[in-house]
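Every chain is numbered from 1, with letters handed out A, B, ... down the list of sequences.
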Amino acid sequence: MNALLHIQMDEEHGSLERLLRVTRHRGFNITQMNVSANQEHQGYDITLRVAGERELKLLTRQLDKLMNVQQLNVLSHAHQDAASAFYAQTGFSESQHAHTA
Amino acid sequence: MKGAEYIIDALVREGISHIFGYPGGAIMPVYDALVDSPIKHVLCRHEQGAALAADGYARTSGGPGVCLATSGPGATNLLTGLANAYMDSVPLIAITGQVASHLMGTDAFQEIDIFGMAMPVVKHSYVVTDVAELPHIMSNALHVATSGRPGPVLIDVPKDIQLAEFSPEPVAHKTDSLPLLEQDTLQQACQLLRQAKRPLLYIGGGVAIGKAEETLKALLEQWQVPAVSTLKAIGSVADYPRHLGMLGMHGLKAANYAIQNCDCLFAIGARFDDRATGKLEAFASEATILHLDIDEAEFSKLKNAHLTMRGEFNDALNRMAQSIEALEIDEWRLWCEQQQSEHAWNYDAPGEGIYAPAMLKRLTELTPSNGVIACDVGQHQMWVAQHCQFNAASRHLSSGGLGTMGYGLPAAIGAQFAEAETCVINVCGDGSFAMNLQELMTIKRYQLPVKILLIDNASLGMVRQWQQLFFQQRYSEIDLSDNPDFVAVAKAFELDAQRITQRKEVEEGLQWMLNSNKPCLLHVCISNQENVWPLVPPGASNSEMMEGATS
Ligand SMILES: Cc1ncc(C[n+]2csc(CCOP(=O)(O)OP(=O)(O)O)c2C)c(N)n1
């Protein structure tokens with residue numbers, strides 16, 4: 001699994017550390033990272049390329065929970081994971097939940 | 001006003017009446033501000049004790065618990081308490097003093113990067129870098145700790161910030177309402193439940209956290225659907241007759257068999273923890289899984305759910321009750337009833353020694369219905385979960401996610417401060433009791449009528465059980481036969497104390513303890529050979545429950 005994420009984050013004490021910690025702890029490797037301070041939303045613009053054996057949503061949902069994360073988008077996501085296979089096989093579909101801060 | 005005064009003022013305004021803490025150099029301005037404040041500060045005798053007492057206070061009261069410590073060792077001592085609250089989603093505010101801003105990053109005396117150390121075990125955390133930010137931080141911290149899925153929040157305050165004078169700007173109170181379940185999803189869920197022949201509710205700690213116990217009970221009564229609970233949900237649906245009990249590693253057989261046989265599992269505020277599920281692939285493997293939770297990150301984290309539902313519980317459950325009037329599942333109800341009677345507990349044990357499960361069953365029969373039991377961790381904790389009855393999850397304080405030995409005594413102290421009139425009992429093991437033994441001094445100082453039921457098997461029983469069963473009886477460092485005289489220990493702290501060793505003394509011993517209105521300890525000596533049954537071996541399916549003899 002290999003994915004490219006775009007994350008907008010508050011430029012707060014420890015923001016980046018939290019992002020890196022959660023990524024490591026939830027079992028993903030960072031293969032590329034770009035951070036810049038953005039005046040417009042007064043925060044960081046981050047692109048993050050991650051690789052890992054686990055399903056991407058296990059990471060994105062945890063990142064989304066961080067208080068400092070304003071927005072998270074998956075720009076690209078290579079290879080179908082087990083969850084998609086599960087939903088394809090069972091005929092159910094994964095619910096989308098509105099994210100509230 | 002000074003930063004330190006603002007911190008205390010803000011807590012008072014938020015309705016905080018108790019703080020559990022321990023003073024030291026870097027937090028002195030806050031302690032100074034406490035002198036003139038209406039808040040009651042409880043001096044625990046170790047910061048871990050303070051954090052766990054705040055946790056017990058929070059779980060009992062349903063509101064946030066607050067703990068306070070100095071920088072360096074004071075702050076690091078809080079960490080286990082923060083981790084405990086994090087794993088069990090308990091709203092906790094930890095305020096730590098820090099060295100002055102200009103000394104941070106210089107390895108100053110008692111300077112530790114507690115912000116960095118605590119990061120993995122907090123929902124959020126702050127370092128105050130400018131006193132003007134304090135109003136915003138205090139208000140946000142309380143909001144974050146108590147809203148959504150609750151958790152601990154750390155505020156690290158450098159000493160110069162505590163001393164800085166400023167004129168605080170008023171802050172708007174943050175309130176955000178929980179999302180409501182979309183109608184489409186609700187209809188799909190109802191459809192699946194209606195189709196099910198063998199539906200089962202799997203109730204987690206989230207139900208009590210979401211203050212939805214009453215709503216859930218009403219739904220259960222209406223649907224007459226069988227249900228099982230996690231460790232943390234014990235008490236949530238109290239005496240609902242189709243409640244099969246706790247599931248999982250030391251769960252009740254009826255509960256585990258129901259899980260394995262259901263065709264539709266409706267999980268509410270539960271997180272499919274490994275101690276509850278056993279081997280995941282075999283868990284509810286025939287079932288369509290519906291999962292209602294407030295934390296999206298729990299969806300399909302370990303087990304894919306066919307339908308995930310994010311929404312406030314009371315609203316969701318009420319609407320489901322409207323949508324489905326009754327379920328036609330007579331055959332399944334009967335099957336579950338048979339499991340219940342077939343696998344009912346047997347309290348007959350051979351010999352004259354004290355059989356802990358029978359004693360604990362008797363304990364809850366004698367305890368007032370609003371009584372609180374705070375457990376430690378080990379065999380006695382599982383016996384409490386199996387054999388005690390509670391009428392709300394807030395009455396059963398147990399360190400579920402972290403399994404923190406030493407939790408029970410400080411948690412009981414917190415509970416007793418939350419509810420001065422309530423009967424609060426700490427059921428502990430001889431190993432766990434020693435982990436926060438210093439808190440007997442807190443009990444003595446405040447003359448808290450906490451009752452300690454010390455179940456002494458002269459060993460680290462749970463570890464001994466595993467060594468016996470899974471490590472070929474190669475016993476390693478589990479012997480505690482050189483324990484001190486616990487009655488004498490208790491008396492040294494001015495607790496009343498008695499010892500019982502025979503089954504025939506149980507009734508009188510329990511009566512003595514429960515009738516006492518002073519701090520007291522009942523030292524109960526049991527066999528060191530007793531095991532907790534049933535047991536799902538690690539990695540096995542929940543249907544593979546081992547059962548052994550009682551000694
Ligand atoms: C702080 C901590 N250290 C170690 C453990 C591992 N552990 C789990 S249960 C247990 C034994 C507990 O012994 P005791 O309190 O006497 O209870 P018993 O099992 O005998 O009822 C141990 C060491 C733990 N859960 N927590």
Side-chain angles (χ1 to χ4, degrees), chain A residues 1 5 7 9-28 42-43 52-74 80-101, chain B residues 104 113 115-116 118-130 133 137 140-141 143-145 147-149 151 153-154 156 174 176-182 184-186 188-189 192 288-312:
Chain A
M1 199 286 307
L5 310 179
I7 299 161
M9 217 176 177
D10 298 334
E11 206 180 317
E12 234 181 60
H13 211 80
S15 288
L16 293 175
E17 210 173 330
R18 285 184 219 275
L19 180 84
L20 296 176
R21 196 203 74 76
V22 168
T23 307
R24 166 188 58 79
H25 175 60
R26 298 294 170 177
F28 292 81
Q42 303 203 328
E53 299 295 309
R54 298 185 178 182
E55 287 165 29
L56 182 64
K57 69 176 188 305
L58 294 181
L59 175 63
T60 52
R61 285 175 176 171
Q62 295 294 343
L63 290 176
D64 242 337
K65 271 209 313 188
L66 289 174
M67 297 296 147
N68 301 137
V69 168
Q70 301 165 359
Q71 214 183 353
L72 185 151
N73 294 305
V74 179
Q80 218 203 19
D81 58 35
S84 332
F86 167 84
Y87 288 108
Q89 194 191 334
T90 56
F92 284 88
S93 63
E94 202 167 354
S95 319
Q96 297 300 319
H97 301 277
H99 181 73
T100 51
Chain B
M104 286 174 74
D113 175 17
F115 179 79
M119 214 171 255
V121 294
V122 292
K123 186 174 171 189
H124 197 51
S125 48
Y126 305 88
V127 179
V128 189
T129 52
D130 176 353
E133 289 171 5
I137 289 178
N140 271 2
H143 177 74
V144 169
S147 61
R149 180 176 179 172
V153 173
L154 173 85
D156 196 32
K174 243 194 177 176
D176 51 25
S177 47
L178 297 172
L180 302 183
L181 186 59
E182 296 107 28
D184 275 6
T185 316
L186 186 110
Q188 276 183 60
L192 292 168
T288 303
I289 297 179
L290 319 183
H291 190 181
L292 174 65
D293 210 296
I294 205 64
D295 180 1
E296 193 176 357
E298 291 303 338
F299 292 143
S300 303
K301 182 177 80 176
L302 289 152
K303 182 99 185 160
N304 284 313
H306 298 79
L307 187 68
T308 59
M309 309 153 72
R310 182 159 186 260
E312 195 277 322

Margin query: So for B:D184, is it side chain, backbone, both, or neither that comes closer than 4.5 Å to the heavy atoms of chain A?
Written below: neither
Notebook entry, point to check: Given that the side chain runs from C-beta out, which part of B:L192 has a heavy atom under 4.5 Å from chain A: side chain, backbone, both or neither?
Noted result: side chain
Next item on the list: Could you tell me whether a side-chain N or O of B:R310 sits under 3.5 Å from a main-chain N or O of B:D293, the two making a donor and an acceptor?
Entry: no
Notebook entry, point to check: What closest approach, in Å, do B:I289 and B:N304 show between heavy atoms, and which atom pair accounts for it?
Noted result: CD1-O, 4.1 Å
Notebook entry, point to check: Just by distance, do the side chain of B:K123 and the backbone of B:R149 share a donor-acceptor pair under 3.5 Å?
Noted result: yes
Check: What residues, two or more places apart in sequence or in another chain, satisfy side-chain contact (heavy atoms from CB on, under 4.5 Å) together with A:E12?
Finding: A:D10, A:S15, A:N68, B:H124
Notebook entry, point to check: Where on B:S147 is there a heavy atom nearer than 4.5 Å to chain A: the side chain, the backbone, both, or neither?
Noted result: neither
Next item on the list: Identify, with sequence neighbours excluded, every residue that meets ring pair (Phe, Tyr, Trp, His ring centres under 6.0 Å) alongside B:H306.
Entry: A:F86, A:F92
Note to self: Counting heavy-atom pairs under 4.5 Å with chain A, which one of B:S300, B:A297, B:G148 comes out on top?
What the structure shows: B:A297
Notebook entry, point to check: In terms of heavy-atom pairs under 4.5 Å with chain B, which of A:H13, A:R18, A:M67 leads?
Noted result: A:R18
